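I have placed the structure first, in the form of structure tokens, so that the comments after it can refer back to it.
Proteins come first, then strands; the chains are lettered A, B, ... in the order of their sequence lines, and each starts at number 1. Everything numeric in this text was worked out from a predicted model, so none of it was measured. All values below come from the heavy atoms of this structure, side chains included, with hydrogens, waters and symmetry mates left out.
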Protein chains: 2
Amino acid sequence: MRKGAETRERILEIAETSVLAKGFGATSIEEVIAEAGITKSGFFYHFKDKNELARALMLRYVEENDRIFDDVFHRGRQLSDDPLQSFLITLKLLAELMGDLPNGHPGCLIATFTYQERLFDRSVRDIATTAVRSWNGRFSDALNEIAAVYPARKGMDLEDVAIMFSCVIDGGIIMSRGLGDPRVLERQILAFRSFVKMLFAPAAPEIMLPPTAIAAE
Amino acid sequence: MRKGAETRERILEIAETSVLAKGFGATSIEEVIAEAGITKSGFFYHFKDKNELARALMLRYVEENDRIFDDVFHRGRQLSDDPLQSFLITLKLLAELMGDLPNGHPGCLIATFTYQERLFDRSVRDIATTAVRSWNGRFSDALNEIAAVYPARKGMDLEDVAIMFSCVIDGGIIMSRGLGDPRVLERQILAFRSFVKMLFAPAAPEIMLPPTAIAAE
DNA sequence: GTGAAAACCATACCGCCGGTACAGTAGATT
DNA sequence: AATCTACTGTACCGGCGGTATGGTTTTCAC
């Protein structure tokens, strides 16, 4: 029982690394089981086919990410009562988190999967869509809370700004890899953070940095 | 000779569509040749192995993208002498271009390939890296030209802003697919455009829209 | 400690695919 | 007429996803 969960977890860990490096289609079960030290029968005991592996990978990734966002948003709210400061702190914490990864961000499973959608059935894609919507909703809520206190610049849809954050993260991961510089992602999140600051503090930036701000520079 | 180039092009077109939908590893040569109406021997006459197909796809994609950027930057410069207006027009043209695609953007080959790097040899990856650097350089140059005329906000590295545009495009493509809404990409480019406007026109937005601006709203 | 369920292993097999090899050919070019 | 281009046809190899089936060990509940 516990041992079964451990093996399952090990399979998922190995598979995720491979998927993020070669893609799902090029990730062979044989290779995964070789690294996990089990047999093919052992693999198919845990996952009835490759699609179920995909679904499990997706679920695992989404849950892990939810935990991270929960944590970082929670700490942001703890460190300031002001919604803007709170969000800026959250962004800084996230940037630090990304920057502290030794070999850069391992990659976003959602991104890989959207570029291989034809390989999965609807259930897998639905998990991804739901997760993305929920994360965007989180950012959107945070921005709307800020806008209720501070007047936002006109002509900017906050929903689009929320989605842009997801774009910057996924794009930042790709650019980090493509340019071979792991720090790009961290810098991108901080650049986005600066834009958020600009968005809500157009005229007098000094006013926007009350002494309650802790992590905000 | 001409016929050979035509067949080669047809193979590349079919392969690219498949790669963007299923990934490179899951794109089978058999499937490509079936759709192209040729035999396996015919395929290997044009490409000595799958890696050479990857390289050809990459080169083709990079060249096509270069042409698009050449065109859209050129038109931007034609429509205004002011570097800021010129860049804003370019961004708007690009957004329109993306929005006019009937089924949304087909996908960025660079993005797929960076998520499948282990499948390709160095030459393919080098093409991608060089291309990304050159595009970022383009945006960076444009931003620096603007900064020479308009004072940019402090605390923002223009290099990061340039890279962010690439992030927004690649991220926007992923989000468009993931959310099932092709218009997300267009909206993201326009949102980034608004940020650029904010970056260089902090105090008085009205001044930044002289009558010379044509496409700028 | 025993019995049952969980967590595997061993073996054999199918069909598809990437890739190689090699021989042949229709049509355009020179 | 000879040559080159752009293929077709056939045959083969090994690896992989996936199925099937039967056996074995480990773990846990009672």
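For A/H46 and C/dA7, the shortest distance from a side-chain N or O to OP1 or OP2 is not below 4.0 Å. A sub-4.0 Å separation between OP1 or OP2 of D/dA6 and a side-chain N or O of B/T7 is absent. OP1 or OP2 of C/dA7 sits under 4.0 Å from a side-chain N or O of A/Y45.
Rounded to an integer number of Å, the gap from B/F47 CZ to D/dC7 P is 11 Å. Between A/E6 atom CD and C/dC8 atom C1' the separation is 14 Å, expressed in whole Å. As rounded to whole Å, 17 Å separates atom P of C/dC17 from atom CG of B/L119. Following rounding to the nearest Å, A/D49 (CG) and D/dG18 (C1') show an atom-to-atom distance of 9 Å. In this structure, A/F43 atom CZ and C/dA7 atom P are separated by 16 Å, rounded to whole Å. Between B/R10 atom CZ and D/dC7 atom C1' there is a gap of 12 Å when expressed in whole angstrom units.
Distance check, rounded to the nearest 0.5 Å: CD of A/E9 to CD1 of A/I14 gives 10.5 Å.
Annotation: proximity of residues 21-41 of chain A to DNA chain D (heavy atom, distance under 4.0 Å) is found for A/T27, A/S28, A/I29, A/E30, A/K40, numbered in ascending order.
A/F113 and A/F120 have parallel rings, their planes meeting at less than 30° on a 0 to 90° scale where 60° marks the start of perpendicular.
Shown are B/W135, B/F192, B/F195; of these, the ring-ring contact (aromatic ring centres under 6.0 Å, His included) with B/F165 is made only by B/F192.
In this structure, the nucleotide among C/dG18, C/dC8, D/dG18 sitting nearest to the side chain of A/F44 is D/dG18.
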> B/S80 and B/D82: side-chain hydrogen bond (donor to acceptor under 3.5 Å, both in side chains), yes or no, with the steps?
Replying inline: CA-CA 5 Å; B/S80 175; B/D82 181 84; 5.1 Å; no
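No side-chain heavy atom of B/L97 sits under 4.5 Å from any side-chain heavy atom of B/D100.
Looking at B/R60 and B/E16, a side-chain N of the basic residue comes within less than 4.0 Å of a carboxylate O on the acidic one, giving a salt bridge.
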